[in-house]
K.L.:
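Got a structure for you, written out below as structure tokens; questions coming shortly.
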Protein chains: 2
Amino acid sequence: MPRPQVPESQNQIDERTQLVLQEIVNSYIETTEPVGSRTLSKQLATPISPATIRNIMSDLAELGFLTQAHTSAGRIPTDKAFRYYVDSLAVADSLTEELQSSIQKLSAKGVSQVEELLSNTTKILAKLTQFACLVTAPKTAVSRLQRIEFIKVSTSKILVILVSKSGVVRNKFIEMTEKISQDFLNSISAFLNEQFRNRSFQEIRNQILESMVEDKERYDRLLAQAVRLGKKAFEVSDPPELYMDGHLNLLMSDAFGDRNDLRGLMSTFERKGQIMEVLDNTMQADGVRIYIGVENTHEGLRDCTLVTANYRNENNVLGTLGVIGPIHMDYQRIIPVVDYTSKILSQAITRHSYD
Amino acid sequence: MPRPQVPESQNQIDERTQLVLQEIVNSYIETTEPVGSRTLSKQLATPISPATIRNIMSDLAELGFLTQAHTSAGRIPTDKAFRYYVDSLAVADSLTEELQSSIQKLSAKGVSQVEELLSNTTKILAKLTQFACLVTAPKTAVSRLQRIEFIKVSTSKILVILVSKSGVVRNKFIEMTEKISQDFLNSISAFLNEQFRNRSFQEIRNQILESMVEDKERYDRLLAQAVRLGKKAFEVSDPPELYMDGHLNLLMSDAFGDRNDLRGLMSTFERKGQIMEVLDNTMQADGVRIYIGVENTHEGLRDCTLVTANYRNENNVLGTLGVIGPIHMDYQRIIPVVDYTSKILSQAITRHSYD
DNA sequence: ATTAGCACTTGCTCTCGTTGAGTGCTAACC
DNA sequence: GGTTAGCACTCAACGAGAGCAAGTGCTAAT
């Protein structure tokens with residue numbers, strides 16, 4: 001999702017015009033009301049008369065930075081204006097101590113599970129931003145194996161436990177027709193642990209599949225069973241895991257005027273798979289990414305802004321977190337929050353890793 | 001939450017009046033509009049003139065079954081009317097084949113985890129009812145131990161795996177300061193399995209606590225460690241588990257007119273603990289329970305109806321499921337759906353149990 | 001006891017001025 | 001030539017009033 005490249009010439013606007021645009025966006029972010037020339041004139045530090053501002057506004061409208069609901073209404077910044085604002089005008093606030101310490105709480109005392117860490121992250125983000133917040137679980141494909149165990153829970157059922165380096169535990173039941181003793185299962189897990197420890201799940205999958213096409217005659221019973229169980233254990237059957245919180249904030253906030261707007265958005269949230277896809281698509285990039293309105297490839301998000309950042313351990317990018325809010329969100333506040341949260345989460349999850 | 005006991009005399013209303021009341025409620029459920037005497041007269045099978053109906057309505061209003069928004073508006077059934085309707089008038093529809101088979105899908109092919117079963121249940125209920133749907137995870141206190149295992153994942157961290165008879169798997173990390181070998185952990189889990197298999201978590205907790213106050217001199221190292229680890233493993237630190245789906249349906253449906261109504265309701269949903277409590281309180285009773293509007297002890301649900309039923313295996317009630325919808329829901333449809341779902345879930349979860 | 005008839009109530013909708021914020025243009029100004 | 005004051009124009013929002021429709025309550029007749 002590369003940022004739309006606009007010819008420089010088109011956006012070549014002089015300093016004062018820039019100032020006016022900045023102030024319009026600021027004002028709109030603050031009030032969510034169309035902003036008029038008179039009001040703006042008063043707010044502006046440099047005194048410019050309403051008439052002049054009208055001229056400037058007219059220019060900006062022509063360049064596609066402003067629209068108006070009807071001829072006699074004030075101007076509303078377009079998505080393009082917000083993009084411009086975010087790119088060149090906004091100076092990211094440094095976070096207050098208070099915000100910082102709120103965010104640090106995500107890995108507070110006694111958080112022993114990665115799942116809890118991620119869920120805390122969404123909760124804290126939701127609280128601080130008052131928007132919908134998302135965190136993807138560490139990608140299974142790049143996860144590295146820390147430990148695999150098989151536990152026989154009944155004659156035909158085996159519980160598989162997969163622990164990844166990043167601290168994620170996954171449980172899965174396998175049905176077996178033939179009888180296998182717990183001792184034998186232990187041998188198998190010992191073998192698999194020996195063989196695959198520290199390898200990524202993706203690698204393991206591939207290698208197992210390769211093994212299967214090799215000449216089976218060469219296998220002893222242990223190896224054969226290990227391959228069979230391993231295949232089932234590492235199958236990618238798991239639904240994409242996504243932690244989500246605060247989508248009700250959007251409902252509360254009447255930042256989205258129409259109830260129908262909200263409906264569309266909410267049903268997007270219900271399709272977690274789609275949201276996952278959107279987040280995954282942003283994962284290549286680095287740092288905080290911002291997708292404003294029409295810039296969103298996913299149709300359901302065209303009336304929102306998505307702000308995302310990755311989290312990682314020392315070796316790999318593990319997942320993405322993000323917030324979804326109105327296009328007129330307070331970027332100066334939100335961007336650093338997302339940024340800092342991603343860093344704190346990275347730290348926390350690195351501490352949780354086993355090395 | 002016992003059903004409010006109303007003196008018989010107050011509700012002693014003759015057959016025709018009953019019929020009118022029934023029809024008013026029916027009509028209101030269908031249209032969500034105040035119902036007037038003229039309209040009702042036409043709908044009624046037995047021909048009664050509008051004027052007579054007005055008299056009857058006047059009586060019903062006096063008895064507290066009907067209200068009206070203003071003098072010249074039609075009548076609206078009160079919560080009391082719905083209670084009367086549900087208790088004595090509604091004949092539960094038998095479920096269509098279609099509905100039955102939809103519900104049976106909750107335990108469709110390849111559902112290997114109880115968690116998935118429960119989550120499927122909320123999804124199916126949400127789809128069929130278009131309301132908010134809830135399922136509580138099997139109560140840990142009454143769960144019986146099937147298997148406990150300890151896996152050492154790093155020098156200081158131990159992963160505990162608790163498998164209950166009902167098929168629920170729970171993971172938990174324990175930090176250990178002193179070093180314990182995996183072999184020793186295996187001995188401990190063997191011991192605990194031997195000792196506590198089939199006992200309820202509550203019993204186990206108690207017994208472990210008892211053991212701790214006993215003379216420690218008598219312990220050998222194994223026993224001492226087993227008690228220590230066991231205590232941590234069975235600690236009730238887990239957040240109450242609640243599966244929820246379809247609360248967005250309520251948002252979509254405009255059955256709740258005001259957006260503020262919805263906000264209150266939604267923030268109730270955000271406090272899962274409160275919802276849990278409400279559901280737990282209903283668990284003593286048997287069969288389908290219905291709490292209409294003011295009958296709800298929890299304030300946030302006073303504008304809703306809650307319909308709940310338990311699910312169970314052969315031995316115990318395991319948890320509760322329920323739907324929350326508008327007071328004017330279609331009871332004839334919803335009640336059998338909840339009832340049947342609870343039965344199918346009971347069956348499915350019984351099949352998942354290990355015996 | 002039931003019903004027809006009628007006066008009355010009340011919310012809803014439509015229309016039509018009025019108001020006010022805001023624009024666009026033109027002409028004057030520095 | 002850029003900036004500003006002034007003025008005519010536009011258009012949503014608000015409010016009052018008329019007409020309408022649905023529904024009630026009461027009274028008198030059946």
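Owing to the predicted nature of the structure, the values given are computational and were not obtained by experimental measurement. No hydrogens, no waters, no symmetry mates; every other heavy atom, side chains included, goes into these values. In what follows, chains carry the letters A, B, and so on, assigned in the order in which the sequence lines appear, proteins first and then strands, with residues in each chain numbered from 1.
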K.L.:
So does A:S58 get a side-chain nitrogen or oxygen closer than 4.0 Å to the phosphate oxygens (OP1/OP2) of C:dT23?
P.N.:
no
K.L.:
Under 4.0 angstrom, heavy atoms only, what part of the nucleic acid is B:T39 near: base, sugar-phosphate, or nothing?
P.N.:
sugar-phosphate
K.L.:
Please give, in whole Å, the distance from D:dG2 P to A:D14 CG?
P.N.:
11 Å
K.L.:
Between A:M57 (CE) and C:dC25 (P), how many Å, whole number?
P.N.:
15 Å
K.L.:
Take atom CG of B:L40 and atom P of D:dA22, then tell me their distance rounded to the nearest Å.
P.N.:
16 Å
K.L.:
For the backbone of A:N296 and the side chain of A:R302, can you confirm whether one donor and one acceptor N or O come within less than 3.5 Å of each other?
P.N.:
yes
K.L.:
Would you sort out whether A:Q332 and A:Y85 count as a side chain to side chain contact (heavy atoms under 4.5 Å, CB included), showing the intermediate values?
P.N.:
CA-CA 10 Å; A:Q332 305 211 23; A:Y85 174 83; 3.2 Å; yes
K.L.:
Take the protein atom CD1 of A:I56 and the nucleotide atom C1' of D:dT4, then report the distance between them rounded to whole Å.
P.N.:
12 Å
K.L.:
Of the listed nucleotides (D:dT10, D:dG25, C:dT2), which one gets closest to any side-chain atom of A:S72?
P.N.:
D:dT10
K.L.:
What is the separation between atom CD on A:E33 and atom P on D:dA12, rounded to the nearest whole Å?
P.N.:
15 Å
K.L.:
Any base atoms under 4.0 Å from B:R75, or only sugar-phosphate, or nothing? Heavy atoms, all strands.
P.N.:
sugar-phosphate
K.L.:
Just the rounded figure in Å: distance from C1' of D:dG25 to NE2 of B:H70.
P.N.:
14 Å
K.L.:
For the residue pair A:E33 and A:Y28, establish whether any side-chain heavy-atom pair is separated by less than 4.5 Å.
P.N.:
no
K.L.:
Heavy-atom nearest nucleotide on DNA chain C for B:T71 versus A:A73: which residue maps closer to 5'?
P.N.:
B:T71
K.L.:
Quick one: salt bridge (charged side-chain N to carboxylate O under 4.0 Å, His left out) pairs with a partner in residues 324-340 of chain B, sequence neighbours left out?
P.N.:
B:D339-B:K343
K.L.:
Flag the pair A:L306 / A:I290 as yes when at least one side-chain heavy-atom distance between them is below 4.5 Å, and no otherwise.
P.N.:
no
K.L.:
Please give me every residue in residues 41-55 of chain B whose heavy atoms get under 4.0 Å of an atom in DNA chain D, ordered by residue number.
P.N.:
B:R54
K.L.:
Could you please spell out the steps behind the side chain to side chain contact (heavy atoms under 4.5 Å, CB included) verdict for A:L128 and A:I103?
P.N.:
CA-CA 9 Å; A:L128 294 182; A:I103 293 171; 3.5 Å; yes
K.L.:
Just wondering, do B:Y84 and B:L21 contact through their side chains at under 4.5 Å, heavy atoms?
P.N.:
yes
K.L.:
Both B:A69 and B:R16 contact DNA chain C. Taking the nearest nucleotide for each, which residue is further toward the 5' end?
P.N.:
B:R16
K.L.:
Between D:dC11 atom C1' and A:Q68 atom CD, what is the distance in whole Å?
P.N.:
11 Å
